[in-house]
Amino acid sequence: MSLVMLSGGTTGQNADVEDNCLKVRFKTDFEQAVEDGLAFSWANLTYDPDAHDTILGVANTSTTLDLYIEKIIMGSDTSTQAVVHTSSGVTMAGTAVTGVNLNRNSSYVAPATAFCDETGNGQQAASYTGRLLAANLLAHQSVTVEVGGAIVIPYGHNIGIDLTTAATASNMTIVGYYKARAA
């Protein structure tokens, strides 16, 4: 079986040729955003969190684009539960994290404010009223949660990741893309 990837045209389609059959598919929103320079990753690598610390927080600062979360990658040296949550109306604080554009040819900068060891939200004090999802983590193993853009962060809102127990080393990455706000 051979696979040949053809790309191009004006419709944004990809074509796969496999076993003498042509298969056409449209680009995903994420693939289009990468091509357009509107996809980013934010990471906090090897951080020593206390229980309920927000290890990584990203706030959408664009008034015209929504931030769609594609995937979240989480790891810890301790077996624990990671809680992904959202909130709004808070002043985020901590150590600044710069979003990395996933299209290296683009100079577009993410319209976001991101922090590791983020201290501005109060989700843990509010029992995670903005809980989006939780994932059980085993020590020294990473978990990737693919959400495919199902989590949408509008202007003035943020997404954060906490661990429910203390650890000595955790790694968190949020991958997302920007797209015009739906009418």
Side-chain angles (χ1 to χ4, degrees), residues 28-31 33-34 38-62 65-102 109-179:
T28 66
D29 288 340
F30 178 69
E31 290 169 331
V34 170
L38 294 172
F40 298 87
S41 68
W42 296 267
N44 183 2
L45 303 176
T46 316
Y47 169 65
D48 179 1
D50 291 330
H52 302 289
D53 270 0
T54 299
I55 297 163
L56 178 63
V58 179
N60 182 5
T61 60
S62 174
L65 301 172
D66 285 334
L67 173 58
Y68 290 76
I69 305 304
E70 182 70 10
K71 64 181 153 183
I72 303 164
I73 305 163
M74 303 172 277
S76 173
D77 67 337
T78 303
S79 292
T80 185
Q81 184 179 64
V83 177
V84 179
H85 55 83
T86 186
S87 62
S88 64
V90 298
T91 301
M92 292 180 60
T95 303
V97 173
T98 301
V100 175
N101 193 314
L102 299 181
V109 175
T113 302
F115 293 97
C116 58
D117 190 15
E118 200 282 315
T119 58
N121 78 77
Q123 280 300 302
Q124 67 273 16
S127 301
Y128 297 110
T129 56
R131 178 188 301 245
L132 297 171
L133 62 94
N136 291 325
L137 305 179
L138 297 176
H140 306 291
Q141 294 184 17
S142 65
V143 170
T144 300
V145 179
E146 304 267 356
V147 294
I151 297 174
V152 181
I153 309 298
Y155 169 73
H157 289 72
N158 64 58
I159 184 171
I161 308 167
D162 293 15
L163 294 181
T164 58
T165 56
T168 56
S170 67
N171 300 292
M172 303 292 167
T173 302
I174 295 173
V175 178
Y177 60 94
Y178 288 90
K179 189 170 92 170

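This chain uses plain numbering: 1 for the first residue, then up along the sequence.
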[X] side chain to [Y] main-chain N or O, any donor-acceptor pair under 3.5 Å?
{"X": "E118", "Y": "F115", "value": "no"}
{"X": "E70", "Y": "G176", "value": "no"}
{"X": "S41", "Y": "V175", "value": "no"}

Shortest non-hydrogen separation from [X] to [Y] and the atoms involved:
{"X": "T164", "Y": "A51", "value": "O-CB, 3.5 Å"}
{"X": "A39", "Y": "V34", "value": "CB-CG2, 3.6 Å"}
{"X": "A112", "Y": "T61", "value": "N-OG1, 3.1 Å"}
{"X": "M92", "Y": "A59", "value": "SD-CB, 3.3 Å"}
{"X": "A167", "Y": "D77", "value": "CB-OD1, 3.3 Å"}
{"X": "T78", "Y": "T168", "value": "OG1-N, 4.4 Å"}

Within-4.5 Å side-chain heavy-atom neighbours: [X] and [Y]:
{"X": "D162", "Y": "Y128", "result": "yes"}
{"X": "Y178", "Y": "F40", "result": "yes"}
{"X": "L67", "Y": "L65", "result": "no"}
{"X": "M74", "Y": "V84", "result": "yes"}
{"X": "V58", "Y": "N158", "result": "no"}
{"X": "L163", "Y": "Y47", "result": "no"}

If you round to the nearest 0.5 Å, how far is [atom2] of [Y] from [atom1] of [X]?
{"X": "I153", "Y": "T86", "atom1": "CD1", "atom2": "OG1", "answer": "4.5 Å"}
{"X": "H157", "Y": "D66", "atom1": "NE2", "atom2": "CG", "answer": "10.0 Å"}
{"X": "L56", "Y": "I73", "atom1": "CG", "atom2": "CD1", "answer": "11.0 Å"}
{"X": "M172", "Y": "I161", "atom1": "CE", "atom2": "CD1", "answer": "5.5 Å"}
{"X": "Y177", "Y": "L38", "atom1": "OH", "atom2": "CG", "answer": "11.0 Å"}
{"X": "S170", "Y": "N44", "atom1": "OG", "atom2": "CG", "answer": "6.0 Å"}

Inset, instruction - With V147 as reference, evaluate V152, L132, L133 under the side chain to side chain contact (heavy atoms under 4.5 Å, CB included) test and give the passing residue. - result: L133
Inset, instruction - Can you spot which of I55, T54, T165 makes a side chain to side chain contact (heavy atoms under 4.5 Å, CB included) with P49? - result: I55
